[in-house]
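Notes follow the structure.
Convention: sequence-line order gives letters A, B, ...; per-chain numbering from 1. All values reported here derive from a predicted model rather than from experimental measurement.
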Amino acid sequence: MQPPPASAQAIVCHELTKQFGDFRAVDKITLSVAQGEIFGFLGANGAGKTTAMRMLCGLSYPSAGQATVAGFDVYRQQEKIKQNIGYMSQKFSLYENLTILENIEFFGGIYGLSNQQLRAKSEELITTLGLHKEAKKLVGSLPLGWKQKLAFSVAIIHEPKIVFLDEPTGGVDPVTRRQFWDLIYAAADRGITNFVTTHYMDEAEYCNRVSIMVDGRVEALDSPANLKLQYHADSMDEVFYQLARGAQRGE
Amino acid sequence: MKQLLVFIRKEFYHVFRDRRTLLILFGLPTVQILLFGFALSSEVKDINIAVVDFARDNASQQLISKLQGSTRFRLQRAVLSYPEMETAFRRNTIKAALVFPANFNVDLLHTGHGQLQIIADASDPNTATTITNYLTAIIGDYQQELNQAAGPLPYQIIPETRMLYNPDMNGSLNFIPGVLALVLMIVCTTLTSVAIVREKELGTMEVLLVSPFRPLLVLIAKAVPYLVLSLLDFTLILLLSVFVLDVAVRGSVLLLYLETTVFIIACLSLGLLISNVTSTQQMAMLLSMMGMMLPTLLFTGYMFPLENLPVFLRWAPNVVPAHWYYLIVKAVMLKGLGFGAIWKETLILAGMSVALLGISLRNFNIRLA
């Protein structure tokens, strides 16, 4: 899979840093992600992925450095950023005691979609996922794999420029994970940038480019093929292991 | 605005689909009111009563035989003196006593006025009220019989009632304002804090915070449904009190609703505050139950007389919003007083609401930075 042309940059960070007292959770990371790219954001637990992601989502202010997300500044334009991103967390993020349709209406509604847009979107989404029969069932009654796919579709219901996925496939079987990635590809084809964290190295192979964070710093950043070449490794698993075993920080 | 409505609708879905929440919302006040109402004031039977008869005349004998005829009373004879009567009260062998003064019959025949005394053990105020009502009714009956026989000049027997141990009858109907305070406290504080913390626990809060939906609106969207539901609850309790327990609302209903809204805002703010400092539903539940319900039970004054508090705890009721709300409702609902009588309490309660709301909003904002 070829990376799309790096015409427009969706995310640009320059020496982005987050300091908690003496602890530097994120240490001068510099990277850029192109519009429509699938970018894998890897790192062991405690490497600083979540903190970095929170800064990019407008949930916390950086201590130093610059960053723009969808062209907006993370210090001054957090509200603008929020309108242009979608987010799906590792915890399942739909309401279990709402039906599929009600979840769609709610999340579409808080992003300000009009009733007409909502109707069109729900129809499209339910058709794509093949959930016609379940549309009026409570989300809590669905199998986990379906929930995750639905959560992803809901996270991009407002057609954001970028979607942040924080370990979206945790606890899901390989077949469903593969189907989940089909959704990610489809979103990328529509020009949505996917910023994904994962612990599954097979998923890292699906990304256009990946970065690997160790102890708050980005230690490697390239396409999976180039990284394997560079580290003389057969798989991303090996690349990751070579980098991560040097980590000083535990969980 | 539309976003807010979407959010509020979602909150109502949550409430109406959660059986536990519904149970707390509507089951709890109903059960509380009925339990307090009927367990405490139901029919009283087999009342042990002593007669202290200083008169030993015709009239007193006739009244005593009427008492004996009543199925409600079990007459304890042969108590002749006050000290003996008091001992009997203290040993709890009698619940009430009827005292005839020395010249009962003579006074009644000559002046047309006869006086006697009803003494009741008011440590259980509901029972005491019921007993004196029964006795007064029996005496009224007897008086009527006399009058029918006597013709134009009416006889009048005036019972003087004395409530032992609890002269002000604290707690008779006071449980209604108390239950109101308790139920609103539970509904607003517990349910609001749990509703917010649940989103944190499930991870949906993160999604909300990443969305352009403003954090302040999240709070409003959470608070509005519970404000509405609390007012519904308040209405339910009022209706139960009026139609099931026959307790009339003496004061202005509008004033009651306004005061209740002020109290609800205090409770909601407490709920928000709790949700700020906890991250699991259980913790929120525990904090609001232990931290809010116990003080409400102990310090409002409807379950335990505040006069009995140990000295070092005397200040405590003053910082409990429910205490002030209880005083206000008691004054308006049971005594029929207007705003003029409760403006001080209202001011204190409103001050607490504003302060709590301010603190909780401030904390919420800090957490998001």
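Scanning all heavy atoms of the two residues, the minimum distance from B/Gly203 to A/Ser89 falls at O-OG, 4.2 Å. Among all heavy-atom pairs drawn from B/His14 and A/Asn97, the shortest one is ND1-OD1, 2.7 Å. When every heavy atom of B/Ser211 is checked against every heavy atom of A/Lys82, the shortest pair comes out as O-CD, 3.4 Å. Heavy atoms only, all atoms of each residue included: B/Gln3 and A/Gly109 are closest at CG-O, 3.0 Å.
Shown here is B/Gln282, whose CD atom has no more than 12 heavy atoms of other residues, nucleotides or ligands within 6.0 Å. Counting non-hydrogen atoms of neighbouring residues, nucleotides and ligands closer than 6.0 angstrom, the CZ atom of B/Arg19 reaches no more than 12 such neighbours.
The candidate from B/Val207, B/Val210, B/Leu5, B/Val6 with the greatest count of non-hydrogen atom pairs under 4.5 Å with chain A is B/Val210. With respect to chain A, the highest number of heavy-atom pairs below 4.5 Å among B/Asp18, B/Leu4, B/Leu208 belongs to B/Leu208.
Of the atoms belonging to A/Glu102, it is side-chain heavy atoms, and not backbone ones, that fall under 4.5 Å from chain B. Contacts of A/Glu105 with chain B are made by both backbone and side-chain atoms, with heavy-atom separations under 4.5 Å. Residue contact with chain B, scored on non-hydrogen atoms closer than 4.5 Å, is absent for A/Phe164. Proximity to chain A is absent for every atom of B/Arg198, based on heavy atoms less than 4.5 angstrom apart. Both the backbone and the side chain of A/Leu98 have a heavy atom closer than 4.5 Å to some heavy atom of chain B.
Atom CG of B/Leu209 sits about 12.0 Å away from atom OG of A/Ser60, to the nearest 0.5 Å.
Between A/Tyr95 and B/Glu199 the shortest side-chain heavy-atom distance falls below 4.5 Å. Contact check for B/Arg17 versus A/Leu138: side-chain heavy atoms found under the 4.5 Å cut-off.
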